Amino acid sequence: MAFPLLTLTAAVPALGAVATAAVPAGRRTAAKWLALAFSLATLALAAVQLVRFDPDAKGPFQLTESHAWIADFGVRYELGVDGIAVVLIALAALLIPFIMLAGWHDADPQESGSSRWRPTQGFFALILMVEAMVVISFEATDVFLFYIFFEAMLIPMYFLIGGFGDGAAGQGDAGAAAQRSYAAVKFLLYNLVGGLIMLAAVIGLYAVTADQLGTGTFSLQEIVQARAAGKLDIATTTERALFLGFFFAFAVKAPLWPLHTWLPNAMGEATAPVAVLITAVVDKVGTFAMLRFCLQLFPEASKWATPVIVVLALISILYGALLAVGQRDIKRLVAYASISHFGFIVLGIFAMTSQGQSGATLYMVNHGVSTAALMLVAGFLISRRGSRLIADYGGVQKVAPVLAGTFLVGGLATLSLPGLAPFVSEFLVLVGTFSRYPAAGIVATLGIVLAALYVLVLYQGTMTGPVKEEVRGMPDLRARELAVVAPLIALLLFLGVYPKPVTEILDPAVRHTMSQVHQADPKPDVNDVEAAK
């Protein structure tokens, strides 16, 4: 029996969550180090996955595991990774230790001596539990298995948002708690509704396979192979209805306009590390699932829905960017910027070109790193001043130049400055979109202009100008904070000038997805080429 590497990669953070929660109440520092050790062990296993993964191997999935689970209902414990999944697992495993280090003191108790409630242990245990569920969601090739963890991750996220806020919203303790509770409930309800609609579609998919194959199945590979062999022919109306059920859930998670409104509340009220966990790790499951499940299970319906989805993606790009320009709250500004960026990712996926999908998959990675860099530095800034409002800052670069410099690099990455990682992915998305939908490509470029505007407004409002009295004694980044930010900035620079190590892994999976939806890149118009000459 092959070594269960994929299972172990998901099991280690889950075991870490249990072990961390079991640490005695008076040993909070020990709980932190234990959680960090488990996150680093998960990172090591993710690195082993990358080393063992062969981009040139035949077949859609590698490192596969398959065991009977609920045989009477066709449910199997099936895991496997393609190039997209293995890179996103590595991203999640890489970011979790930085999230923990950045939030090292975020869950320290306000009152010492309490033994009834262990917030520190709970905080770090919940982060590890989210990591475990995200990892297995990327690995699952059984639709029902994926659905279970797609929904289960909502529970620890609910407690992270509602129970561990930064307390810098400008209200009293009761008001801040109410805002956190509202944000957590809104997050949960939106995603639960999406999940319930998806569950109906999952059941419908099982019924179709049981009717036509004789035995119902949730296996992605079995369904795709049966369709390719002509053994499974889903009626057009049925396929479209099933596609919409899956896509709705993933669009909520992504999030895509108009299902996005939970994100600014959740990111605004959560601590900065938890905000990074939401947008840089958890939300990637939504866009990843569009590629793995929507396009591969329902290729014809995906092409049918593409024009509408492209329009929704464009609205997300412009809407998110415009609202980011008008924000006065630092964390909500980053949240709306993320909505705009997710619009680019969805646009690249449904442009149905190899450049667009390669750019979209690379964008998932680059957005995770750039958002983590910007939001974590913003969190360090907010913790010093105790306010999320841009107007409460000014002249920070004169008193904390390293903090200001790292904040600037994070902001420049967010606006996709050439030489930083997001530029490559955004360029590929625009090229891929323009080759099939020129008008959409042109409209999407407006998001770049708006991104420059909201990033400059954010930086000028906080870092430049006269030094305000409230920030005059602000300390610069400490050693722990530098240990968080410096590797992320180095990665942004490296992937900005040399993305080949990542694209070499991603591109074969993109080509496979394109073949599943029977799409080829549009050929240049010969008349246009001759006219250009």
Side-chain angles (χ1 to χ4, degrees), residues 13 16-17 20-21 23 25-40 95-112 114 117-131 156-171 173 175-177 179-181 183-184 187 265-282 329-332 334-335 371-388 403 406-407 410 474-475 477-485 488:
T20 302
V23 173
R27 305 190 64 184
R28 294 185 175 89
T29 302
K32 296 176 185 180
W33 284 109
L34 181 64
L36 182 61
F38 272 99
S39 71
L40 291 174
L95 291 179
I96 294 298
F98 294 130
I99 288 171
M100 288 185 175
L101 283 172
W104 200 250
H105 298 297
D106 285 358
D108 288 347
Q110 299 297 319
E111 297 179 3
S112 60
S114 174
W117 171 241
R118 297 178 290 174
T120 303
Q121 288 88 331
F123 181 75
F124 286 89
L126 288 170
I127 291 175
L128 285 171
M129 189 57 67
V130 172
E131 180 181 21
M157 285 306 309
Y158 168 81
F159 288 107
L160 282 170
I161 296 168
F164 300 93
D166 60 12
Q171 308 100 338
D173 291 342
Q179 287 296 318
R180 291 196 300 272
S181 177
F187 161 82
N265 295 102
M267 288 184 66
E269 299 306 324
T271 64
V274 172
V276 171
L277 184 65
I278 295 169
T279 189
V281 178
V282 172
D329 182 309
I330 297 173
K331 291 167 70 176
R332 289 179 70 89
V334 179
T371 298
L374 179 62
M375 179 59 88
L376 292 180
V377 178
F380 299 149
L381 179 69
I382 292 168
S383 67
R384 284 159 165 75
R385 174 68 177 83
S387 173
R388 302 199 313 245
L403 188 154
T406 54
F407 191 77
M474 180 177 290
L477 291 184
R478 303 177 179 92
R480 172 180 58 85
E481 296 165 336
L482 280 172
V484 171
V485 177
L488 295 175

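What you see is a predicted model; the values in this text were computed from it and never measured.
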Any [X] side-chain heavy atom under 4.5 Å of [Y] side chain:
{"X": "Ile161", "Y": "Ile278", "value": "yes"}
{"X": "Ile330", "Y": "Met375", "value": "no"}
{"X": "Leu160", "Y": "Phe123", "value": "yes"}
{"X": "Lys331", "Y": "Met267", "value": "no"}
{"X": "Arg27", "Y": "Lys32", "value": "no"}

Going by side chain to side chain contact (heavy atoms under 4.5 Å, CB included), name the residues that satisfy it together with [X], two or more places apart in sequence or in a different chain.
{"X": "Asn265", "value": "Tyr182, Ala183, Lys186, Arg332"}
{"X": "Pro156", "value": "Leu126, Met129, Val130, Met133"}
{"X": "Ile96", "value": "Ser39, Ile99, Met100, Ile127, Glu131, Leu277"}
{"X": "Phe98", "value": "Leu94, Val484, Pro487, Leu488"}

Problem - Short side-chain to backbone donor-acceptor contact, Arg180 and Ala270, under 3.5 Å - result: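 Absent.
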Problem - Thr271 (side chain) donor-acceptor with Asp106 (main chain) under 3.5 angstrom - result: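 Checked: no pair found.
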Please report the closest heavy-atom contact between [X] and [Y], naming both atoms and the distance.
{"X": "Phe124", "Y": "Ala35", "value": "CB-CB, 3.7 Å"}
{"X": "Arg480", "Y": "Leu101", "value": "NH1-O, 2.6 Å"}
{"X": "Leu376", "Y": "Pro273", "value": "CD2-CA, 3.9 Å"}
{"X": "Phe164", "Y": "Phe159", "value": "CD1-O, 3.6 Å"}

Practice task
Output all residues satisfying side chain to side chain donor-acceptor pair (under 3.5 Å) with Thr371, sequence neighbours left out; order by chain, then residue number.
Solution key: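 Side chain to side chain donor-acceptor pair (under 3.5 Å) list for Thr371, sorted by chain: His367.
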Handout entry: With sequence neighbours excluded, residues passing side chain to side chain donor-acceptor pair (under 3.5 Å) with Thr279
Key =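 Ser338.
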Handout entry: Where at least one partner belongs to residues 374-384, residue pairs that pass salt bridge (Lys or Arg N to Asp or Glu O under 4.0 Å), sequence neighbours excluded
Key =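 Of all non-adjacent pairs touching residues 374-384, those that pass salt bridge (Lys or Arg N to Asp or Glu O under 4.0 Å) are Arg384-Glu481.
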Exercise for the section: Starting at OG of Ser387, measure out to CG of Asp329 and round the result to the nearest 0.5 Å. Expected result: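 So the gap between those two atoms works out to 8.0 Å.
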Handout entry: ring pair (Phe, Tyr, Trp, His ring centres under 6.0 Å) partners of Phe380, counting only residues at least two apart
Key =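 Partners of Phe380 under the ring pair (Phe, Tyr, Trp, His ring centres under 6.0 Å) test: none.
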Practice task
Take Leu477 and Thr406, measure what side-chain contact (heavy atoms from CB on, under 4.5 Å) needs, and give me the verdict at the end.
Solution key: CA-CA 9 Å; Leu477 291 184; Thr406 54; 3.7 Å; yes
